[in-house]
Amino acid sequence: MDDDDGKKTPDKNVVRPPSRRGVLFGVGLALNGIAGALILSPIVRYFLGRGRTPPKSDHEWITLGPIAQFPEGETRLASYRNPFRTPGDGATADIPCWVRHIAADSFQVFAINCAHLGCPVRWFPQSALFLCPCHGGAYYQDGSLAAGPPTRGLFEYKYKIENGALAILAGRLPTLAESP
Amino acid sequence: MIERLRAIGRWIDRRLQLAGPIGEMARHRVPRSTASWFYVFGSVTFVLFMLQIVTGICLAFTYVPSGAEAWNSLQALNHEVPAGWFLRGLHFWGSTFMVGVMLIHMIQVFLFGAFKFPRELTWVFGVALMLLTLGMAFSGQVLRFDQDAYWGIGIGASIAGRIPLTGGTVVRLMLGGPIIAGDTLSRFFAAHVFIVPGLLFLCAGLHVWMVLKLGINEWPMPGRVVTRARYVQEYEELTRKDGVPFVPDAFQRDLVAAGLAVLAVVACAALFGPFGPSGPPDPTIIQTVPKPDFFFLWLYGALSLLPRWMETPFVLIAPVVGIVLLFLIPFISGVGEKHWTRRPISVLGVLLAITVFITLTALGSTSPWAPHMDAWTADPTPAQYLVGRSPLERQGALVLQYKQCRNCHALDGKGGQRGPALDRVATRLTRDQLIRQVLQGGGNMPSYGKNLRPPEVTALVAFLETLHGGGVRARDASRSEVHAPTTNR
């Protein structure tokens with residue numbers, strides 16, 4: 001019976017009543033379409049990764065330790081545990097940053113990442129400069145751009161002082177798209 | 001005995017039915033001119049791809065795709081697992097050779113006009129194969145998950161972050177979260193082991209299928225013009241009149257070349273061993289100078305040499321334009337002359353691309369723009385620049401060392417090359433210009449006005465004024481009119 005259908009030359013002018021096979025085909029397409037859509041939306045969310053489950057943001061307050069660790073007038077390397085860490089992160093969960101204690105309750109906390117391409121900047125207290133080893137970006141002690149290819153100063157974290165400890169709002173890798 | 005084996009073979013093929021099509025494929029006639037050493041690079045690339053699959057699967061038996069364990073598992077491969085170091089070496093050198101041979105293949109088919117009618121789609125899939133191969137190279141570098149890999153992803157994310165509007169989402173898709181972490185590695189592992197190789201297989205299959213169906217591009221002749229109306233007929237005539245069976249006439253050269261290439265990979269793996277891993281992926285170890293693998297050094301170089309305003313447009317637009325242009329080549333010039341002597345623009349284009357690639361790669365590997373982070377303590381002031389100097393001038397030499405000037409400025413060939421060498425700086429700048437340059441900076445130099453006390457500036461400039469190498473010292477004509485010069489060394 002099925003073989004006969006193939007041999008007939010289809011006449012486009014004649015509207016044929018939907019055959020059982022035609023209906024089933026449509027139902028099949030629709031079912032698979034619905035299944036596909038149901039699978040697709042969680043996949044898209046899945047690919048966006050951990051951390052952003054609204055209304056939570058990519059940032060959390062993390063303490064860097066007591067203020068006494070950061071002598072006044074100096075810039076010191078500190079590190080914090082990424083608030084969104086997982087057991088599989090290993091050493092990558094520890095994120096460094098530069099803490100500049102200006103005076104009393106006045107601080108600046110800079111991201112380690114150069115504003116050019118994210119390489120780790122190093123602090124040189126003698127010349128009071130941050131230098132980047134990759135392409136030679138240079139920043140003054142207040143994080144403002146001194147020389148080199150970056151288009152802006154160092155990325156800065158928001159900070160607050162709680163119970164004598166310095167805390168910063170951190171979590172996301174700072175890039176030109178989204179600074180912390 | 002042999003007869004018995006034949007019988008078994010016949011029994012199997014009675015059911016499998018593959019001997020027919022394979023035999024037909026092997027014996028299909030190709031132009032005699034294509035049985036040439038110039039035509040081996042495509043099949044060599046394919047064989048190297050197979051080698052990568054084999055060595056990659058072997059490595060997967062030990063490698064742990066976890067941010068916490070990947071680096072350790074590479075150490076185990078290098079030092080504990082028998083022949084682990086050799087397999088890592090094969091995989092690394094295999095990838096290097098695969099990229100290299102693939103680029104040679106691409107240049108050859110381009111110069112031989114192989115992309116012209118009716119092989120446009122073969123070229124399109126070839127470009128896709130090149131992009132996928134580079135994708136494998138980058139994701140493979142991430143899987144090494146060492147210091148360079150960690151900061152390398154950071155560079156990738158920083159570039160992606162420059163995309164207007166969607167930059168943040170792209171960065172997040174790339175990292176699999178807000179920051180580089182274990183999820184990032186898992187993501188690149190899935191891409192390197194499943195997604196990209198799957199696409200590579202698909203595209204390579206279609207690429208080879210089209211080569212078989214459309215025939216190997218004949219050796220081009222000046223004046224033999226491709227037209228849509230006659231080409232297929234002419235090609236068929238050529239293969240009929242002056243053709244040879246693909247196996248063995250053309251295939252034997254492929255076979256020899258593939259054998260040589262694999263032997264070269266084996267030799268490199270045995271002699272030079274595996275690549276890395278460098279330090280552990282601990283971002284708190286910031287005493288590092290990240291550098292990409294050699295396929296991406298040219299980009300690393302370009303990113304330093306571009307003017308600041310041009311960087312983002314270049315990084316975002318140039319690759320898109322370049323890739324679209326590559327895809328469009330067969331549609332821009334799908335017919336006409338195939339021979340390179342009749343296609344000067346194509347030849348110049350290839351020469352330009354090769355020159356740019358080699359130059360930027362060489363610059364990227366020496367990276368003269370990067371400050372030498374330890375030059376201020378590692379490279380002492382050359383003794384000849386201290387002989388016969390006054391105490392003030394020697395104090396200036398100390399300032400020069402201590403304030404990290406040497407990180408960017410070389411003396412006697414040692415030190416950074418970010419700024420100009422200072423050996424003869426007094427022949428270029430007068431005393432006033434030196435003071436101004438030190439205090440205000442400029443010309444890509446930070447200003448030291450806030451970080452140097454006036455006596456330090458005086459000492460530093462006094463020392464710099466002695467650096468003239470016996471040449472004629474820069475002199476401010478107007479100043480000598482006002483009052484006599486201060487020193488006369």
Side-chain angles (χ1 to χ4, degrees), chain A residues 47-52 57-59 77-79 82-96 112-124 126-129 131-136 138-141 145-151 170-178, chain B residues 66-69 71 150-151 154-155 157-163 167-169 171-173 175-183 186-187 280-284 286-290 300 303-304 306 308 311-312 369-371 373 376 402-405 407-408 418 441 444-448 450-451:
Chain A
F47 273 118
L48 282 172
R50 270 188 258 244
R52 184 184 284 178
S57 78
D58 284 345
H59 293 305
L77 189 68
S79 75
N82 165 23
F84 307 105
R85 67 185 169 274
T86 66
D89 288 350
T92 60
D94 291 314
I95 311 296
I112 196 77
N113 306 92
C114 180
H116 181 226
L117 290 174
C119 290
V121 294
R122 261 183 260 177
W123 167 247
F124 288 92
Q126 296 81 5
S127 51
L129 286 175
L131 289 182
C132 178
C134 283
H135 296 95
Y139 307 85
Y140 295 116
Q141 58 181 351
L145 182 64
T151 49
R172 191 199 290 136
L173 178 79
T175 61
L176 288 179
E178 295 173 291
Chain B
S66 150
E69 294 301 327
W71 192 80
Y150 182 90
W151 298 108
I155 293 177
S158 298
I159 293 175
R162 293 164 182 238
I163 302 171
T169 311
V171 171
R172 172 168 276 277
L173 278 171
L175 302 184
I179 199 160
I180 304 165
D183 286 350
S186 303
R187 183 153 295 215
D282 182 346
T284 60
I286 60 165
Q287 282 71 23
T288 171
V289 183
Y300 186 77
L303 283 172
S304 173
L306 289 167
R308 203 180 285 165
E311 201 168 286
T312 297
W369 51 78
M373 302 298 253
W376 66 295
Y402 190 64
K403 293 293 180 181
Q404 280 99 21
C405 305
N407 287 17
C408 292
R418 172 94 217 175
N444 226 349
M445 173 172 157
S447 93
Y448 285 81
K450 285 186 215 154
N451 305 328

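Reminder, nothing fancy here: chain letters follow the sequence lines and each chain counts from 1. Since the structure is predicted, the reported quantities are computational estimates derived from the model, not experimental observations.
Considering only heavy-atom pairs separated by less than 4.5 Å from chain A, the leading option among B/Asn451, B/Ile163, B/Ile286, B/Ile180 is B/Ile286. Contacts with chain A were tallied for B/Val171, B/Leu175, B/Leu303, B/Ile159; B/Leu303 has the most, counting heavy-atom pairs under 4.5 Å. Between chain A and the residues B/Gln404, B/Lys403, B/Glu69, the most heavy-atom pairs under 4.5 angstrom are made by B/Gln404. Contacts with chain A were tallied for B/Thr284, B/Asp282, B/Thr312; B/Thr284 has the most, counting heavy-atom pairs under 4.5 Å.
Looking at heavy atoms from C-beta onward, B/Ser304 lies out of side-chain contact with A/Pro149 at the 4.5 angstrom threshold. At least one side-chain heavy atom of B/Glu311 sits less than 4.5 Å from a side-chain heavy atom of A/His116.
With hydrogens and angles disregarded, a donor-acceptor distance shorter than 3.5 Å links the side chain of B/Arg418 to the backbone of A/His135. The backbone N or O of B/Ser447 lies less than 3.5 Å from a partner atom in the side chain of A/Tyr140, making a donor-acceptor pair. Side chain of A/Arg85 to main chain of B/Gly182: no donor-acceptor pair is present (N/O by atom type, distance under 3.5 Å, no hydrogens or angles). In terms of modelled atom types and a separation under 3.5 Å, the side chain of B/Arg308 and the main chain of A/Gly148 share a donor-acceptor contact.
Using a 4.5 Å cut-off between heavy atoms, B/Pro281 touches chain A through backbone and side chain atoms alike. In this structure, the portions of B/Gln287 lying under 4.5 Å from any heavy atom of chain A include both its backbone and its side chain. Only the side chain of B/Trp376 comes within contact range of chain A, with at least one heavy atom under 4.5 Å from a heavy atom of that chain. Interface remark: A/Leu131 contributes backbone and side-chain atoms alike to the contact with chain B (heavy atom separation under 4.5 Å). Proximity to chain A (any heavy atom under 4.5 Å) is shown, for B/Leu306, by neither the backbone nor the side chain.
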